[in-house]
Engineer: 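What follows is a structure written as structure tokens; I'll ask about it next.
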Number of protein chains: 2
Amino acid sequence: MAKAPTVYDVAQRAGVSIATVSRVLRRPDDVRESTRTVVHEAISELGYVPSGAARGLAARSTGVLGLCFPDVDGIDEVDDLPDPVRVGEAVEMVRDVGGPVTARWSNLYLGEVMRGAELEAWRTGHAVMIGVARGLRRAQAVNELAGRVDGLAVLSKSVPDDLLAHIARRVPVVVMAGPPQDDAYDHISVDNRAGTRALVDHLIADHGLRDLAFVGGPFDSPDAHERFQGFRDALRAAGLPAPDEPAARSDFTRAGARDLARTMLEDHLTGRGPGDETGRALPRALVCSNDQTALGFLDVLTEAGIEVPGDVVLTGFDGIDATQASIPRLTTVSQPMVELGRAAVELLRSRLTDPGAPPATVNLPVRVLLRESCGCA
Amino acid sequence: MAKAPTVYDVAQRAGVSIATVSRVLRRPDDVRESTRTVVHEAISELGYVPSGAARGLAARSTGVLGLCFPDVDGIDEVDDLPDPVRVGEAVEMVRDVGGPVTARWSNLYLGEVMRGAELEAWRTGHAVMIGVARGLRRAQAVNELAGRVDGLAVLSKSVPDDLLAHIARRVPVVVMAGPPQDDAYDHISVDNRAGTRALVDHLIADHGLRDLAFVGGPFDSPDAHERFQGFRDALRAAGLPAPDEPAARSDFTRAGARDLARTMLEDHLTGRGPGDETGRALPRALVCSNDQTALGFLDVLTEAGIEVPGDVVLTGFDGIDATQASIPRLTTVSQPMVELGRAAVELLRSRLTDPGAPPATVNLPVRVLLRESCGCA
DNA sequence: ACCCGAAATGTATGCGCATACACTCGCTGC
DNA sequence: GCAGCGAGTGTATGCGCATACATTTCGGGT
């Protein structure tokens with residue numbers, strides 16, 4: 001690393017001009033084979049690696065696409081960081097007494113989106129740079145990311161609107177997993193509504209259920225809202241009355257859902273008076289707005305001796321791994337995480353090709369996974 | 001995106017020189033407040049985002065750190081890509097009849113490593129660029145990555161030696177999760193040996209086990225080898241005879257482990273002659289070189305009516321999520337994935353600070369998770 | 001008012017590369 | 001024997017910024 005060799009060094013060593021060196025790398029067919037060989041030898045001997053910065057500057061395009069995620073760790077400032085494991089520390093023995101399974105869903109989610117993006121980027125010869133819009137210096141971080149890339153895919157809600165508007169003046173922006181929205185950006189969204197609709201259609205048509213309730217999510221979650229709409233679509237299509245509001249709202253966490261479930265259970269019991277049979281007052285099916293919610297309900301229902309799917313049918317949304325491990329396994333709707341990343345990059349590329357096209361929205365299809373919790377084998 | 005504004009545009013609009021604009025961004029304290037305000041206004045009005053390429057070129061440092069992963073998808077060429085989900089396709093209904101839980105361990109693993117790296121990079125104001133050394137154009141991809149970063153963290157085995165040597169002449173390289181090796185690079189490794197040692201110490205000391213066997217991994221896995229060494233360390237320390245070779249070798253997959261387990265079970269049974277009690281011939285404890293192997297064994301043992309930990313004690317290594325969902329839950333050793341990424345970036349930074357220091361190797365401690373499969377509560 | 005040092009700002013240059021354009025050859029065709 | 005041509009190569013320039021250095025402005029002391 002004494003001093004990284006440049007085109008000039010290579011040119012001198014190979015006895016050619018820098019233009020030829022550059023051509024050997026960029027447009028090999030324009031150079032005679034014998035010359036090419038000489039240059040390659042010089043490159044190899046010197047350990048030459050072209051500077052991406054210089055190339056990017058000269059070519060007016062970096063060949064890098066950016067991916068911007070929200071901060072799932074909830075770290076606001078440098079001080080919030082947990083201490084790193086100290087090097088040389090002894091092996092730690094932990095008596096793991098159980099408790100809720102570690103929730104790494106969001107990490108997996110982001111990881112898969114990244115994988116999809118990287119895959120598609122690689123296919124087309126792009127590199128991927130990631131950034132997390134986190135902390136007080138968020139604006140600066142996002143700006144720097146935007147300054148280094150040819151296009152930026154942003155996970156919905158990870159960047160404040162004004163900041164997004166600012167960087168969008170420099171690079172094309174694709175918003176991932178947000179609600180289809182009528183702004184100036186391209187969008188990749190997940191078909192929450194159609195997914196829930198298909199799931200509930202199945203519950204009604206194939207399992208003959210008519211008494212269904214929807215457990216919603218936070219008020220500010222567009223996903224939860226869309227899923228509720230899908231729920232209503234299905235009910236209406238079946239000629240059933242569709243509620244205006246979810247029967248309840250979870251905070252999307254398993255623990256929160258447990259509390260909610262306990263409350264609901266009590267209400268139903270007391271509301272029916274003493275001596276009533278457990279759970280009879282519950283809806284026949286609970287369609288939850290996400291998996292964590294469904295799993296929390298499952299915990300409480302099982303604990304209370306209410307059988308799933310016998311007494312109550314339960315479904316989730318997202319397709320997290322834990323839904324395969326629960327008893328019974330949870331019927332859910334699987335998110336196209338990898339596709340999300342791929343589609344975002346694909347859309348960015350087409351935007352770069354045709355900057356003038358009107359903003360596009362791509363709605364990705366989902367997959368309904370039918371398992372035991374809805375009564376399927 | 002008509003034409004991204006530059007410092008010149010901002011300078012003109014603000015009525016200052018480009019040097020002042022640059023200073024407002026890089027060293028705000030050198031600029032009078034009133035001037036700063038004017039410049040910031042111009043920046044905001046024009047939608048100015050500094051070019052990372054130009055800055056990198058001028059500053060001779062990009063502020064980007066690279067992360068290079070192997071291709072876990074096994075994609076060699078562009079043609080190998082699975083078709084992306086088609087847009088506008090209908091919701092797919094999948095009857096999920098069970099089978100092995102989807103193995104997303106490696107994705108999670110890489111994702112967590114990335115998360116750790118990003119976290120540490122963010123802390124110090126760096127960006128992270130990822131690359132997957134995949135396909136036939138691997139050399140080019142890695143070169144481009146190296147050309148764009150100030151330092152590169154490479155997952156062991158993801159880059160061929162000669163290529164690594166080439167790029168190491170341009171940027172500092174840290175090798176992650178490889179065996180401690182005496183090459184010119186900095187290394188971050190996981191203390192496989194001490195982890196297994198501690199685990200087996202526990203089996204011997206706390207559970208009084210004396211008849212233990214090690215289920216190894218592939219011959220070419222340094223990790224598996226180190227874990228075996230830890231196993232032997234513990235036996236020897238307890239005055240027990242230590243085998244020269246693992247009792248068997250798995251291919252690190254759950255399915256492969258199942259096959260292996262069945263074969264072993266048959267051998268033991270037939271070797272003992274008819275009428276013998278099931279499983280009595282098996283070792284009292286099976287220390288597996290990774291979790292997938294242990295889970296595969298668990299599948300087969302359970303199927304055969306052999307109780308874990310009653311008849312056979314079983315342990316794994318890695319700490320994948322599935323070990324929390326198995327019955328019984330698997331005692332294992334958890335990998336410091338996030339720390340791996342953090343430590344890599346930390347090491348890169350110190351290397352950038354002091355290029356002259358001798359190559360360093362950091363050995364990350366692991367955590368032993370004691371659960372039911374070894375007899376712990 | 002004037003001088004001097006510090007603070008603030010401007011000017012000029014180079015980072016390493018891609019590329020437009022100019023140039024040199026070796027041929028072909030006449 | 002020379003114009004014309006294309007393949008191969010060299011020369012010169014600019015990409016947008018950071019920064020060394022030059023210059024101006026400002027404030028305080030006398």
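Values below: every heavy atom of this structure, side chains too, minus hydrogens, waters and symmetry copies. Throughout, a chain's letter reflects where its sequence line sits, starting with A, and its residues are numbered from 1.
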Engineer: Among C:dC17, D:dG8, D:dC17, which nucleotide has an atom closest to any side-chain atom of A:V7?
Structural biologist: C:dC17

Engineer: Carefully, step by step, assess B:R342 and B:E346 under the rule salt bridge (charged side-chain N to carboxylate O under 4.0 Å, His left out).
Structural biologist: CA-CA 6 Å; B:R342 286 184 70 162; B:E346 214 174 313; 5.6 Å; no

Engineer: If you check every side-chain atom of B:V31, which of C:dC17, D:dC17, C:dT9 has the closest atom?
Structural biologist: C:dT9

Engineer: Under 3.5 Å, is there any donor-acceptor pair linking the side chain of A:Y8 to the base of C:dC15?
Structural biologist: no

Engineer: Just the rounded figure in Å: distance from C1' of D:dA18 to CG of B:L25.
Structural biologist: 11 Å

Engineer: Ignoring backbone atoms, establish whether A:S17 has a side-chain N or O less than 4.0 Å from OP1 or OP2 of D:dG10.
Structural biologist: yes

Engineer: From C:dG10, C:dC15, C:dG16, pick the nucleotide closest to the side chain of B:A19?
Structural biologist: C:dG10

Engineer: Does a side-chain N or O of A:T20 approach OP1 or OP2 of D:dG10 to a distance below 4.0 Å, or not?
Structural biologist: yes

Engineer: For B:I43 and D:dG16, what is the distance between atoms CD1 and P respectively, to the nearest whole Å?
Structural biologist: 16 Å

Engineer: Considering only D:dG16, C:dC17, D:dC26, which nucleotide approaches the side chain of A:T6 most closely?
Structural biologist: C:dC17

Engineer: Are A:M114 and A:V128 close enough, and set up right, to give a side chain to side chain contact (heavy atoms under 4.5 Å, CB included), and what steps lead you there?
Structural biologist: CA-CA 9 Å; A:M114 253 205 36; A:V128 174; 5.8 Å; no

Engineer: Does the side chain of A:S22 get closer than 4.0 angstrom to OP1 or OP2 of C:dA18 through an N or O atom?
Structural biologist: yes

Engineer: With a cut-off of 6.0 Å (strictly less than), are more than 12 heavy atoms of other residues, nucleotides or ligands near CG of A:D182?
Structural biologist: no

Engineer: Can you tell which of D:dA18, D:dC17, C:dG10 lies closest to the side chain of B:A59?
Structural biologist: D:dA18

Engineer: Look at B:K3 and D:dC15 and indicate whether a side-chain polar atom (N or O) is within less than 4.0 Å of OP1 or OP2.
Structural biologist: no

Engineer: Rounded to whole Å, how long is the line connecting atom CD of A:Q12 with atom P of C:dG16?
Structural biologist: 14 Å

Engineer: Please report, rounded to the nearest Å, how far the P atom of C:dA8 is from the CG atom of B:D29.
Structural biologist: 10 Å

Engineer: If you assign A:I18 and A:D30 each to the DNA chain D nucleotide with the nearest heavy atom, which residue ends up on the more 5' nucleotide?
Structural biologist: A:D30

Engineer: Write down the distance between CZ (A:R170) and C1' (D:dC15), rounded to a whole number of angstrom.
Structural biologist: 12 Å

Engineer: Check the pair B:V173, B:D186 against side chain to side chain contact (heavy atoms under 4.5 Å, CB included), reporting the backbone distance first and the verdict last.
Structural biologist: CA-CA 7 Å; B:V173 166; B:D186 291 319; over 6 Å; no

Engineer: On the nucleotide C:dA8, are OP1 or OP2 found under 4.0 Å from the side-chain N or O atoms that B:T35 carries?
Structural biologist: no

Engineer: Rounding to an integer number of Å, can you tell me how far A:D9 CG sits from C:dC15 C1'?
Structural biologist: 13 Å

Engineer: Quickly, which of B:K157, B:R134, B:R138 forms a salt bridge (Lys or Arg N to Asp or Glu O under 4.0 Å) with B:D71? Name it, please.
Structural biologist: B:R134

Engineer: For the residue pair A:H126 and A:T124, confirm or rule out a side-chain donor-acceptor distance under 3.5 Å.
Structural biologist: yes

Engineer: Whole angstrom is fine here: how far is it from CZ in B:R32 over to P in C:dA8?
Structural biologist: 7 Å

Engineer: Across the strands shown, which category fits A:V21 at heavy-atom distances under 4.0 angstrom: base, sugar-phosphate, nothing?
Structural biologist: nothing

Engineer: Please state whether the base of D:dG10 and the side chain of A:R23 form at least one donor-acceptor pair under 3.5 Å?
Structural biologist: yes

Engineer: Tell me: CD of B:E33 to P of C:dA8, nearest whole Å?
Structural biologist: 11 Å

